[in-house]
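Taking it in order: structure first as structure tokens, then the write-up.
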Amino acid sequence: MVRSPRRVAEHQPHRISPVRTCVGCKRRALISELLRVVVVAGRVVVDERRRLPGRGAWLHPDPDCLAKAERRRAFPRALRAPGALDAREVREHVGRTEAHLGALRHAEPRTTSPGRPRGREEARKQVDPS
């Protein structure tokens with residue numbers, strides 16, 4: 001029996017973009033959702049452009065994932081670096097990211113220009129104020 005060739009994207013939904021595992025929570029995610037970190041002079045730094053040389057590890061930009069990674073001592077193991085590593089820069093980056101996302105969540109929704117109705121309900125209110 002001859003089988004027809006299968007389309008790759010049909011059976012492998014993550015093949016469109018590479019998938020990596022977070023060293024903190026161990027969940028798989030698209031690389032666009034994760035931070036790449038590398039070791040530079042005994043410090044773990046965020047590789048924002050994903051171009052720094054050396055072995056990289058992937059982490060969700062979430063304080064919980066960072067805490068799990070530090071508690072499990074995942075950075076030295078994943079980056080194959082001997083001894084303890086200073087992750088202060090990663091903590092600062094995740095903190096800034098979390099603060100920025102929190103500000104976006106609590107920001108007031110944008111409104112349309114005054115005088116223009118936003119939807120059907122508001123349009124009806126302007127026509128018939130009863």
Side-chain angles (χ1 to χ4, degrees):
M1 178 165 115
V2 178
R3 292 185 180 187
S4 62
R6 296 180 183 172
R7 291 176 43 195
V8 174
E10 217 174 86
H11 298 285
Q12 298 172 351
H14 293 294
R15 296 303 287 169
I16 296 168
S17 180
V19 176
R20 300 291 183 262
T21 302
C22 173
V23 295
C25 66
K26 301 292 185 190
R27 286 183 296 163
R28 293 170 51 96
L30 299 173
I31 63 169
S32 60
E33 300 170 8
L34 299 170
L35 293 175
R36 181 177 188 260
V37 295
V38 295
V39 174
V40 175
R43 297 182 344 258
V44 181
V45 297
V46 176
D47 182 9
E48 291 188 41
R49 295 182 60 219
R50 298 181 176 131
R51 297 287 186 264
L52 291 177
R55 185 173 183 84
W58 298 86
L59 179 74
H60 282 107
D62 179 27
D64 294 333
C65 285
L66 177 60
K68 287 178 186 177
E70 288 180 315
R71 187 173 50 245
R72 293 176 181 160
R73 296 183 190 104
F75 290 127
R77 187 171 40 253
L79 298 168
R80 296 184 183 166
L85 297 173
D86 180 17
R88 184 177 339 136
E89 290 181 39
V90 178
R91 264 187 249 111
E92 291 170 0
H93 187 276
V94 169
R96 284 192 309 266
T97 304
E98 187 67 22
H100 178 71
L101 291 175
L104 289 177
R105 279 187 220 121
H106 298 309
E108 292 184 27
R110 290 184 175 178
T111 59
T112 58
S113 60
R116 284 186 74 193
R118 290 183 73 175
R120 289 183 180 174
E121 288 297 318
E122 289 184 23
R124 236 181 265 135
K125 286 179 188 176
Q126 282 187 347
V127 173
D128 184 25
S130 57

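Positions are given from 1 along the sequence.
Every salt bridge (charged side-chain N to carboxylate O under 4.0 Å, His left out) that Asp47 has, sequence neighbours left out, goes to Arg36. Applying the side-chain hydrogen bond (donor to acceptor under 3.5 Å, both in side chains) rule to Arg88 yields the partners Asp86; only residues at least two apart in sequence or on another chain are considered. In this view, Thr97 and Pro61, His93, Leu101 satisfy the side chain to side chain contact (heavy atoms under 4.5 Å, CB included) rule, not counting sequence neighbours. By the side chain to side chain contact (heavy atoms under 4.5 Å, CB included) test, Arg20 pairs with Pro18, Ile31, Leu34, Trp58, sequence neighbours left out. Partners of Arg91 under the salt bridge (charged side-chain N to carboxylate O under 4.0 Å, His left out) rule, at least two apart in sequence or in another chain, are Glu70. Taking the side chain to side chain contact (heavy atoms under 4.5 Å, CB included) definition, one finds that Pro76 meets it with Leu85, sequence neighbours left out. Applying the salt bridge (charged side-chain N to carboxylate O under 4.0 Å, His left out) rule to Glu89 yields the partners Arg43; only residues at least two apart in sequence or on another chain are considered.
In plain terms, the two heavy atoms of Ala87 and Val44 that are nearest each other are CA-CB, 4.2 Å. Listed here is the closest heavy atom pair of His60 and Ala29: NE2-CB, 3.7 Å.
No more than 12 heavy atoms of other residues, nucleotides or ligands shown are found within 6.0 angstrom of CZ on Arg73.
The CG atom of Leu66 sits 10.5 Å away from the CZ atom of Arg71 when rounded to the nearest 0.5 Å. One distance of note links CD of Glu33 with CZ of Arg27; it measures 9.5 Å at 0.5 Å rounding.
Listed by chain and number, the hydrophobic cluster partners of Val40 are Val38, Val45, Leu52, where partners are ILVMFWY side chains within reach of under 4.5 Å, directly or through others.
Counting heavy atoms from C-beta outward, Val37 and Val23 have side chains that stay 4.5 Å or more apart.
Counting only residues at least two apart or on different chains, no salt bridge (Lys or Arg N to Asp or Glu O under 4.0 Å) pair has a member in residues 55-69.
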